[in-house]
Amino acid sequence: MALSNADLLVMTFLDSIEQGQGIPDGCDSTSLVEQELIRAEAAGWSLTLKGVVHLRNLRSVIYLPLGKH
């Protein structure tokens, strides 16, 4: 299964937030909040539990081991 460009963007945005780098340029934070993937806090943005799970799922698609042919 391959990730779409939209999935790759979301993964990049969520990863940036997880790493404490904040919201990257071009990120639609409103959409991520509406999807309950991130939340605003006094110290900045953070991932919700749903966001953490979504990011792990996206990462698992990329890191799936390739089968032997």
Side-chain angles (χ1 to χ4, degrees):
M1 178 178 151
L3 293 176
S4 69
N5 287 341
D7 286 335
L8 288 172
L9 275 176
V10 169
M11 185 174 72
T12 301
F13 296 154
L14 295 178
D15 186 61
S16 180
I17 294 166
E18 181 186 57
Q19 299 301 317
Q21 298 170 359
I23 298 280
D25 290 340
C27 177
D28 183 2
S29 58
T30 302
S31 175
L32 296 178
V33 169
E34 289 172 354
Q35 294 176 59
E36 300 177 352
L37 299 176
I38 64 172
R39 67 177 162 260
E41 296 186 341
W45 294 96
S46 68
L47 299 180
T48 63
L49 178 57
K50 184 177 177 180
V52 170
V53 171
H54 189 67
L55 180 56
R56 285 184 186 161
N57 288 338
L58 291 171
R59 285 177 176 159
S60 71
V61 173
I62 289 183
Y63 298 116
L64 285 174
L66 298 175
K68 294 183 181 184
H69 299 278

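Computed from a predicted model, the values in this text were never measured in an experiment.
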N/O donor to acceptor pairs below 3.5 angstrom from side-chain atoms of residues 24-34, sequence neighbours left out:
unit_1, atom_1, unit_2, atom_2, d
Asp28, OD1, Thr30, N, 3.4
Asp28, OD1, Ser31, N, 3.3
Ser31, OG, Gln35, NE2, 2.9

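Put simply, CZ on Phe13 and CD1 on Ile38 are 10.0 Å apart, with the number rounded to the nearest 0.5 Å. Note that OG of Ser60 is 10.0 Å distant from CG of Leu55, once rounded to the nearest 0.5 Å. Interatomic distance, Ile17 CD1 to Thr48 OG1, rounded to the nearest 0.5 Å: 10.0 Å. Note: Asp7 CG to Thr12 OG1 = 10.5 Å, rounded to the nearest 0.5 Å.
Screening residues 40-50 for salt bridge (Lys or Arg N to Asp or Glu O under 4.0 Å) gives Arg39-Glu41 as the qualifying pairs, with residues at least two apart or on separate chains.
Tracing side-chain contacts under 4.5 Å through hydrophobic residues (I, L, V, M, F, W, Y), one reaches Leu8 starting from Leu14; they form part of the same cluster.
Glu18 pairs by the salt bridge (Lys or Arg N to Asp or Glu O under 4.0 Å) definition with Arg59, not counting sequence neighbours.
Between Met11 and Val61, every side-chain heavy-atom pair lies at or beyond the 4.5 Å cut-off.
At least one donor-acceptor pair closer than 3.5 Å links the side chain of Ser16 to the backbone N or O of Gly22.
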